[in-house]
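Scroll down for the structure; my scribbles are underneath it.
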Amino acid sequence: MSASRTDDVFSDMLSNGRDLPWMKRALTDRSYKKFVNCNVPDNSMTNSDLATYGDALLKFALCSILLDRPGHMSVSKSHYESDKTLVTVIGKRYRIMDHLLYDRDDRNIASDYNWSPGSGNEDRRHKHIATAVEAVLGAIYKEHGDMDEIISIAEHWVSVVDEEDRITDAIRQRRSRGSCDQEEHR
């Protein structure tokens, strides 16, 4: 799959925009600030507030995209903006952890994109990844001021998530048919 221009904006900002003030902030998790200097307040130049900003931008972009789609917008929107999707699909796609400053020694913070369903603690262990994705989106808007660009990025993400869902469903169906075939042969 070839990368679209908007896909490149997110990648380019991760790779080439690290020296920009908003990107520095977007890629600095509060755990890193605490690790480096225990006296730094939680949100002092970290990505948590910028992630809230990016989350609002993502919600608006998804609403713009999904408004005329058949189905239940709130259900679809929540799937695309869930922490699980932001970690396992978007964060992994961009290898955001390669760019993120966080306390790598803290065992309560995940160092991979492997979401374990059914474990409520996984939400917290992987939260820094979803936070960073949202914060980078916020940084892109703060740097460029272009909502159409944010909507284009979100459109691309929707297509990436939809493709990932199709692949996952196909694998599930194949496994299910395989289980049925094994039962018939017994």
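These figures come from a predicted structure and were not determined experimentally.
- Residues R125 and I109 have side chains not in contact (no heavy-atom distance under 4.5 Å, counting atoms from C-beta outward).
- A distance of 9.5 Å separates CD of E149 from CG of L137, quoted to the nearest 0.5 Å.
- Residues W115 and V87 are in side-chain contact: their nearest non-hydrogen atoms beyond the backbone lie under 4.5 Å apart.
- D162 and R69 are joined by a salt bridge, as a carboxylate oxygen and a charged side-chain nitrogen come within less than 4.0 angstrom of each other.
- Rounding to the nearest 0.5 Å gives a distance of 9.0 Å between CG of L50 and CE of M45.
- Among all heavy-atom pairs drawn from W22 and K142, the shortest one is CZ2-CE, 3.3 Å.
- For H128 (side chain) and A110 (main-chain N/O), a donor-acceptor pair under 3.5 Å exists by modelled atom type.
- Of the charged side-chain nitrogens involved, at least one lies within less than 4.0 Å of a carboxylate oxygen, so that R172 and D169 count as a salt-bridged pair.
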Practice item. Given side-chain contact (heavy atoms from CB on, under 4.5 Å), test L27 with L14 step by step and report yes or no. Key: CA-CA 9 Å; L27 294 171; L14 282 174; 3.8 Å; yes
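- Around the CZ atom of R107, the shell of radius 6.0 Å holds no more than 12 heavy atoms that belong to other residues, nucleotides or ligands.
- K127 has a carboxylate O that lies under 4.0 Å from a charged side-chain N of D83, or vice versa, which qualifies the two as a salt bridge.
- Here the closest non-hydrogen pair linking V160 and V89 is CG1-CG1, 3.7 Å.
- The backbone N or O of H79 sits less than 3.5 Å from a side-chain atom of T85, completing a donor-acceptor pair.
- Counting only distance, with no hydrogens or angles, the side chain of T28 and the backbone of K24 share a donor-acceptor pair below 3.5 Å.
- Judged purely by atom type and a 3.5 angstrom limit, R25 uses its side chain to pair as donor or acceptor with the backbone of T46.
- H126 and N114 share no side-chain donor-acceptor pair at under 3.5 Å.
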**Study point:** Worked check of side-chain contact (heavy atoms from CB on, under 4.5 Å) between I90 and I129
**Key:** CA-CA 9 Å; I90 305 303; I129 301 168; over 6 Å; no
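- Ring planes of F10 and W157: perpendicular class, angle over 60° (limits at 30 and 60°).
- Hydrophobic cluster membership differs between V161 and I167, with clusters built from Ile, Leu, Val, Met, Phe, Trp and Tyr side chains linked at under 4.5 angstrom.
- Closest of all the heavy-atom pairs between L100 and D29 is CD1-N, 4.2 Å.
- The closest side-chain heavy-atom distance from S111 to R104 is not below 4.5 Å.
- Of all heavy-atom pairs between D98 and Y113, the closest is N-OH, 4.5 Å.
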Exercise for review: Quick one: do V158 and Y80 satisfy side-chain contact (heavy atoms from CB on, under 4.5 Å)? Show the steps, please.
Suggested key: CA-CA 7 Å; V158 165; Y80 295 118; 3.7 Å; yes
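- Put simply, CG on D148 and CD on E155 are 9.0 Å apart, with the number rounded to the nearest 0.5 Å.
- Going from atom OG of S11 over to atom NE2 of H99 covers 8.0 Å, rounded to the nearest 0.5 Å.
- Nearest heavy-atom pair across M97 and Y102 is CE-OH, 3.1 Å.
- With contacts defined as side-chain heavy-atom distances shorter than 4.5 Å, the pair L20/M13 qualifies.
- Atom CG of D106 sits about 6.5 Å away from atom OG of S31, to the nearest 0.5 Å.
- Within the model, atoms CE of M147 and CG of L57 stand 5.0 Å from one another, a figure rounded to the nearest 0.5 Å.
- The shortest heavy-atom contact between E143 and M23 is OE2-N, 4.4 Å.
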